[in-house]
Asker: 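Quick one: the structure is below, questions incoming.
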2 protein chains.
Amino acid sequence: MTRYRESVRSLLRERLLDAAYERVTVDGWSRLRMSHIAATAGVSRQTVYSEFGTRDAIGQALVMREVDRFLLGVQEQFDAHRSDPHAAVEAAVLFTLRTAADNPLVKSILTSSRGGDDDLIAHLTTRSEPLLDTATTMLDAYGADAWPEIDPESRALAVETVVRLTVSHIVQPTLPPDLTATRLARILSRIALLPDPHQS
Amino acid sequence: MTRYRESVRSLLRERLLDAAYERVTVDGWSRLRMSHIAATAGVSRQTVYSEFGTRDAIGQALVMREVDRFLLGVQEQFDAHRSDPHAAVEAAVLFTLRTAADNPLVKSILTSSRGGDDDLIAHLTTRSEPLLDTATTMLDAYGADAWPEIDPESRALAVETVVRLTVSHIVQPTLPPDLTATRLARILSRIALLPDPHQS
DNA sequence: CTCCTTACACTTTTTGAGGATCTGTCCGGA
DNA sequence: TCCGGACAGATCCTCAAAAAGTGTAAGGAG
């Protein structure tokens, strides 16, 4: 019985977050109104309040959900290439670039681009400024586990570098994502002193 | 005679730009008034207008002068280490990080950080968005001339990478500038397949 | 018990009119 | 050449009234 309640409740939460997300990506956080969320989700304003309490809590939940999804996606790319660091980096970078390209929320979280009328970023500073740290730590731990043969210092250097370069390419793209991913993978191979399959 | 006129004129221009610079670094571009510049430089407002025409032109000139000085500084670092690419990169990165740290104008030009009340950045889009391109091109040409033994593709990759990483460290510093410069030089050596004097 | 409607106090945004300030230009005098 | 003064037009404050939004609460329906 309690199981049923929780199921309904989390369904409602997702529905509300979906509604909020839709509005945010179109109008920006500042123009999002509680009544919009309620209307889009087909519930009353009060239901939104009883679920989240405040508007800020919705922003928090929105950011958290997006961050979790993104990090999960990155992990999946790595899992798909456990035996091949070069391919893993290429896949993860490509995934990140593509996500940033068509997910404005993730993009602003990753780049913390100030400005715009979008103060959703304010919620990030609590949760997303550490995002790059979290990602870096995650990748480092993952790398240590999956590829113990690489020397630790080189690995740390490589991880930090790929994170910075990826963000750089989000902020200022030059080549198409897939080519960028290839280039970054090559750079990383050299830094971590890996064999580069595409070496000329 | 004409020589004298030009000399006086360029002296006046410098004086006015100095005055503008001083105000801008304190109050920001938006709060800079033509009358301030005139007063600080000890001339009349009309003299400022007859020299620059518009307020925007002053912003343009200010940005140009700063960019030129910065680029010259980078060149000097390279010239000082013509025989040693590794040391050249380290010196140039360190110079850039330090300049960015205590020259707010250069920093905002390099990072194009929008926001703030400082729309001086707007003038950049004409002149400074290409700054990174200019810097990259300059470094590439310099590298080709000074170190022809490095293979061109690796060199291009290395140059683009060091530019992006340097900007990244300006935006999000972690270690002190000198350590960062050392690390970047090491990374670059590996990408360009150079001998690394500090190899462990 | 959950959700809806309605209502209400409080805070934050938007709006608009008025004045002040600033830009860019012109001219007469030194 | 430069300065001082003057001027039209644009832009930027200021500040108070009105509008809209947040968060809380009570009563009713299923």
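Lettering follows sequence order; numbering is per chain, from 1. Note that the structure is predicted; figures quoted are calculated from it, not measured.
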Asker: How would you list, by chain and number, every residue that makes a side-chain hydrogen bond (donor to acceptor under 3.5 Å, both in side chains) with B:Thr137, sequence neighbours excluded?
Answerer: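 With neighbours one apart ignored, the set is empty.
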
Asker: Could you give the CD1-to-P distance, from A:Ile37 to D:dT22, as a whole number of Å?
Answerer: 8 Å

Asker: Could you state the CG-C1' distance from A:Asp56 to C:dT11, rounded to the nearest angstrom?
Answerer: 14 Å

Asker: Report the residues that fulfil side-chain hydrogen bond (donor to acceptor under 3.5 Å, both in side chains) with A:Thr47, sequence neighbours left out, ordered by chain and then residue number.
Answerer: A:Ser44

Asker: Under the salt bridge (Lys or Arg N to Asp or Glu O under 4.0 Å) rule, what pairs show up with a residue in residues 73-82 of chain A, not counting sequence neighbours?
Answerer: A:Arg82-A:Asp145

Asker: Show me the pairs that pass salt bridge (Lys or Arg N to Asp or Glu O under 4.0 Å) and involve residues 171-182 of chain A, at least two apart or across chains.
Answerer: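 For residues 171-182 of chain A: none.
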
Asker: A:Val26: which other cluster members, linking ILVMFWY side chains closer than 4.5 Å, directly or transitively?
Answerer: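 A:Val26 shares its hydrophobic cluster with no other residue.
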
Asker: Applying side-chain hydrogen bond (donor to acceptor under 3.5 Å, both in side chains), name anything that partners A:Ser168, two or more places apart in sequence or on another chain.
Answerer: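 A:Ser168 satisfies side-chain hydrogen bond (donor to acceptor under 3.5 Å, both in side chains) with B:Arg164 only.
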
Asker: Walk along nucleotides 25-30 of chain D from 5' to 3' and tag each nucleotide B, S or - by protein heavy-atom contact under 4.0 Å, base first, then sugar-phosphate.
Answerer: B-----

Asker: Report all interatomic pairs (protein N or O, nucleotide N or O of nucleotides 21-23 of chain C) with separations under 3.5 Å.
Answerer:
from   : atom 1 : to      : atom 2 : distance (Å)
C:dT23 : OP1    : B:Met34 : N      : 3.4
C:dT23 : OP2    : B:Met34 : N      : 3.4

Asker: Give the rounded distance in Å between these two atoms: CG of A:Leu12 and P of C:dC1.
Answerer: 18 Å

Asker: Tell me which donor-acceptor pairs under 3.5 Å the side chains of residues 92-103 of chain A have, and how far apart each pair is, sequence neighbours excluded?
Answerer:
from     : atom 1 : to       : atom 2 : distance (Å)
A:Thr96  : OG1    : A:Ala92  : O      : 2.9
A:Thr99  : OG1    : A:Phe95  : O      : 2.7
A:Asn103 : OD1    : A:Tyr21  : OH     : 3.1
A:Asn103 : OD1    : A:Leu105 : N      : 3.1
A:Asn103 : OD1    : A:Val106 : N      : 3.2
A:Asn103 : ND2    : A:Glu66  : OE2    : 3.1

